[in-house]
Amino acid sequence: MIGLSSYAGVMESLMNSAEEQQPSSLLANKNQKPKCVGGFVLVHAGAGYHSESKAKEYKHVCKRACQRTQHVFNCSQDSPFTNAGMGSNLNLSGEIECDASIMDGKSLHYGAVGAISGMKNPVLVANRLLSEAQKGKLSAGRIPPCFLVGRGAHDWAVGHGIPPCPSEKMATKFSLSAYKRNKRKMELAEKMDTGHNQAKKRRQSSENENGSGCLDTVGAVVVDLQGNVAAAVSSGGLAMKHPGRVGQAAHYGCGCWAENACNMNPYSTAVSTSGCGEHLIRTMLARECSAAMQSEDAHQALLDAMQNKFISSPFLASEDRVLGGVIVLRCCRCVEPQPSQNIQGILVEFLWSHTTESMCVGYMSAQDSKAKTHISRLPPGTVPGQCLAIEGGVCRLTSAVE
């Protein structure tokens, strides 16, 4: 399956192509369509704080997500070590409300859900919204929704065949324990002071609980051999958030972005973000990073975007610490060293950058026997939210004519 009519479609495409490590034959008929023998996926398990004691578990999440690209988000969202879907952070009321979005770079369609409860994998609902929108208008010429929230999103999902998950099964021992611990801290802070000092303490406590250690999200960016890209992100949001709060994972241009190359843009680009949702929403970081990737030097472009459009953004001038992270890929047709009508190539540049203490990523092409994982950390002595780390690599993909 080549092309990105839906996020699920590209995942299936990458999974199928992973079984064909090398072209079995190279035929000379230039009228035939290319056979996909490769693809690339880059995933993240959130920008925040990843303790050394759980490093193996976080890396395992990313590795499984890459190796099972057909179900990349199902895999990541089901892990109790990440904050998306099952095991997400609980809000002030002790409930789980999730956000998710997905974007197809070929059609430029987008689907999202916000503050949705009772869904094990909210990104599946977002993907269904995207695919339904691609079918065209509803009866009586109505425009199909691309973004639903709360109970309406839940009921729409059930009505479209996505099974609900009982709330009591969504929380894990880990998330329940964290909720009880955070609630005790908030209650203690409220008892310590009254009046102005009480409000100040409550605000400081909230900032501490919602700091870089509580910002887990999962996301992915993918590309097939035609240069078609897609991006998705899913999150349970900040710990102890107010019920009904919708984070960047659901907002257009903030949680993810995907856009195929066109006359104006020489590169196909895909971005997925993580971090403090309010910071990412106010800067529309996903779209800003995608636009920056049209520059000649991808590394410098992302560095400038993170510094100028995020850390030093005038929209966040009042913030002491600006917390977030991105995974980015861009691709274009590459010139073959020995030109042939039978072989086509895609050059993929992939990067990640974060202002949080750490960010866990994994990546894999169909030619790789196993996924590579890495926990990126800020340089020693630097201050989270005021400086950044940036890393990445290059991958070359090939396709052969059948």
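Quick note: residue numbers are just sequence positions, from 1. The model shown is predicted, which means the values in this text are computed figures rather than measured ones.
Here CG of L42 is found 6.5 Å from CG of L329. Values are rounded to the nearest 0.5 Å. Annotation: the span from R287 atom CZ to Y252 atom OH amounts to 5.5 Å, rounded to 0.5 Å. Between I375 atom CD1 and C360 atom SG the span is 4.5 Å, to the nearest 0.5 Å. One distance of note links CG of N228 with OG of S107; it measures 10.0 Å at 0.5 Å rounding. Going from atom SG of C62 over to atom NZ of K372 covers 14.0 Å, rounded to the nearest 0.5 Å. Put simply, CG on L280 and SG on C254 are 7.5 Å apart, with the number rounded to the nearest 0.5 Å.
Looking at S117 and H154, their side chains never bring a donor and an acceptor atom within 3.5 Å of each other. Counted by atom type alone, E391 and H374 present one or more donor-acceptor pairs between their side chains at under 3.5 Å. In this model, a donor atom of one side chain and an acceptor atom of the other lie less than 3.5 Å apart for Q307 and S312. With 3.5 Å as the limit, one finds no donor-acceptor pair spanning the side chains of D99 and Q248.
Nearest approach of A371 to C66, heavy atoms of both residues: CB-CB, 3.5 Å. Scanning both residues, L397 and S365, for their nearest heavy atoms gives CD2-CB, 3.9 Å. The two residues S101 and Y110 make their nearest non-hydrogen contact at CB-CE1, 3.9 Å. Among all heavy-atom pairs drawn from M170 and K120, the shortest one is SD-CA, 3.9 Å. In terms of heavy-atom proximity, G227 sits nearest to N260 at O-OD1, 3.5 Å. Pairing each heavy atom of A115 with each of R245, the nearest pair is CB-O, 4.2 Å.
The backbone N or O of A261 lies less than 3.5 Å from a partner atom in the side chain of S268, making a donor-acceptor pair. Remark: the backbone N or O of G105 is not paired with any side-chain donor or acceptor of H109 at under 3.5 angstrom. Formation of a donor-acceptor pair under 3.5 Å by the T273 side chain with backbone atoms of G255 is found in this model. Looking at S295, its side chain does come within 3.5 Å of a backbone N or O of A292 through a donor-acceptor pair. Judged by distance alone, the side chain of T382 and the main-chain N or O of L378 form no donor-acceptor pair under 3.5 Å. Judged by distance alone, with hydrogens and angles left aside, the side-chain atoms of S376 form no donor-acceptor pair with the main-chain N or O of M359 at under 3.5 Å. Side-chain N or O atoms of S274 include one that pairs as donor or acceptor with a backbone N or O of A47 at under 3.5 Å. R142 places a side-chain N or O within donor-acceptor distance of the main-chain N or O of S139, the cut-off being under 3.5 Å. A distance-only check finds no donor-acceptor pair linking the side chain of T356 to the backbone of L323 [under 3.5 Å].
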Exercise for review: Give the intermediate values and the outcome of side chain to side chain contact (heavy atoms under 4.5 Å, CB included) for residues L302 and W352.
Suggested key: CA-CA 9 Å; L302 182 58; W352 54 87; over 6 Å; no

Review point. Please walk me through it: do M240 and K183 pass side chain to side chain contact (heavy atoms under 4.5 Å, CB included)?
Key: CA-CA 8 Å; M240 309 304 287; K183 190 173 183 180; 4.2 Å; yes

Exercise for review: Go through the steps for H60 and R64 under the test side chain to side chain contact (heavy atoms under 4.5 Å, CB included), then give the verdict.
Suggested key: CA-CA 6 Å; H60 182 63; R64 286 182 59 209; 3.1 Å; yes

Practice item. Give the intermediate values and the outcome of side chain to side chain contact (heavy atoms under 4.5 Å, CB included) for residues E259 and L108. Key: CA-CA 6 Å; E259 191 170 354; L108 300 182; 3.9 Å; yes

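The side-chain heavy atoms of S51 and Y49, taken from C-beta on, include a pair separated by under 4.5 Å.
Between E132 and K135 a salt bridge is recorded (basic side-chain N to carboxylate O distance below 4.0 Å). E52 and R377 are joined by a salt bridge, as a carboxylate oxygen and a charged side-chain nitrogen come within less than 4.0 angstrom of each other.
A cation-pi geometry, defined here as NZ or CZ lying under 6.0 Å from the six-membered ring centre and within 45° of its normal, holds between R330 and Y267.
The number of heavy atoms from other shown groups lying within 6.0 Å of NE2 (H160) is above 12.
Classification of the H251-F147 ring pair by plane angle, with boundaries at 30° and 60°, yields perpendicular.
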